[in-house]
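Numbering of ligands and ligand atoms starts at 1, following listing order.
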Amino acid sequence: EVSPENVSSENLEDFIRTLQTREGWSQPMVLYKNYWCRPHLVGKIILLQDIFKPRSSDIILATQPKCGTTWLKALAFTIINRSRYSFSDHPLLSSNPQYLVPFIEIPDPGRDHAYLETLPSPRLLSTHLPLSMLPSETSSCCCRIVYLCREPKDAFVSRWHFENKIVKGSNIELNKALDMFCEGFSPSGPFWNHCLEYWKESLVRPNEVLFLKYEGIKSHPEESVRQLAKFLGVPFTAEEESSGVAQEVVKLCSFENLTSLKVNQTGGVDHGNKIFVENSVFFRKGSVGDWANHMSEDMAEKLDRVVGEKLKGSGLAF
Ligand code: A3P
């Protein structure tokens with residue numbers, strides 16, 4: 001009998017076949033360790049446990065997809081590397097933010113997990129995995145984690161658009177997508193459990209886990225950038241403050257600026273498994289409250305009610 005404990009590259013396929021499978025989103029997903037994910041990811045997650053060696057200097061940007069990963073990658077990359085690059089000749093002007101910060105569970109095309117171990121410290125990494133799926137040393141080694149979450153209705157609408165865009169011919173109905181999302185069935189979902197795991201950890205280890213909201217960065221971008229810089233151990237100096245570096249970071253990473261760049265309008269990356277991810281797919285509206293243009297009052301109430309119940313008593317609310 002194959003179980004998570006004895007699964008290896010030889011019996012991986014057998015193991016994946018034992019997992020509950022469900023269809024409905026653009027691709028079938030399996031339930032692995034209480035979260036829904038694409039089947040091909042399971043092997044990568046298992047492999048990661050042995051290969052990924054967290055370092056105390058690591059910085060991990062954790063998100064659920066569609067909660068602002070691209071933005072957080074741009075901001076953290078710019079803050080950390082601000083003495084290396086000038087704003088006028090910056091890697092963000094020629095690279096999509098997604099590819100400046102590697103995912104630990106999804107190796108960049110042509111690379112494998114071992115590549116991460118060749119990166120010099122401090123490493124800036126990212127993940128969509130829930131905290132419970134990261135190697136346990138991630139917590140014990142005290143590396144820093146920045147978690148970014150988003151108001152669930154906006155995250156849901158963003159996900160729905162993305163699903164219909166990323167797989168050709170996919171045409172999921174909004175109502176059906178909402179039912180699935182509310183049942184906890186969404187990529188990286190249940191949505192609320194993913195948030196709650198990091199939320200609780202941020203209360204226990206506030207110096208190591210910073211919990212941010214997309215809406216918070218939108219409404220106070222400069223303050224958020226300062227907070228991020230401080231948390232990452234590279235606060236702005238008085239000189240930087242007076243020369244407006246925080247404003248420059250905000251401007252460089254803004255939705256308006258990034259979407260105006262050719263690199264984010266053209267090209268893309270082949271991830272295999274029939275998924276070609278266009279650089280432009282990470283940018284859509286970039287606003288707060290776009291759900292109201294898609295969801296009826298009833299739909300909004302339903303999702304609010306479900307999420308409200310799940311988060312009850314946690315201190316986390318949207
Ligand atoms: P919308 O679909 O609501 O527009 P992720 O990067 O986790 O996949 O999230 C994608 C969402 O973040 C999309 O939301 C996208 O438009 C938005 N986004 C991307 N870059 C952004 C930026 N620089 N500022 C604000 N939002 C951004």
Exercise. Is K218 positioned over the aromatic face of W71, cation under 6.0 angstrom from the ring centre and no more than 45 degrees off axis?
Worked result: yes
Problem set entry | Mutual orientation of the aromatic rings belonging to Y85 and F77 [parallel < 30°, tilted 30-60°, perpendicular > 60°] | parallel
For this session: Measure from NZ or CZ of K230 to the centre of the six-membered ring of F236 and say whether it is under 6.0 Å with the direction within 45° of the ring axis.
Result: no
For this session: List, ordered by chain and residue number, the protein residues whose closest non-hydrogen atom lies under 4.0 Å from any atom of ligand 1.
Result: P65, K66, C67, G68, T69, T70, W71, Q98, R150, S158, Y214, C253, S254, F255, L258, F282, F283, R284, K285, G286
For this session: Give a yes or no on whether a salt bridge exists between D290 and R284, defined as a side-chain N under 4.0 angstrom from a carboxylate O.
Result: yes
For this session: Taking the side chain as every heavy atom from C-beta outward, state whether L75 and L252 have any pair of such atoms under 4.5 Å apart.
Result: no
Problem set entry | D58 and F52, any side-chain heavy atoms less than 4.5 Å apart | yes
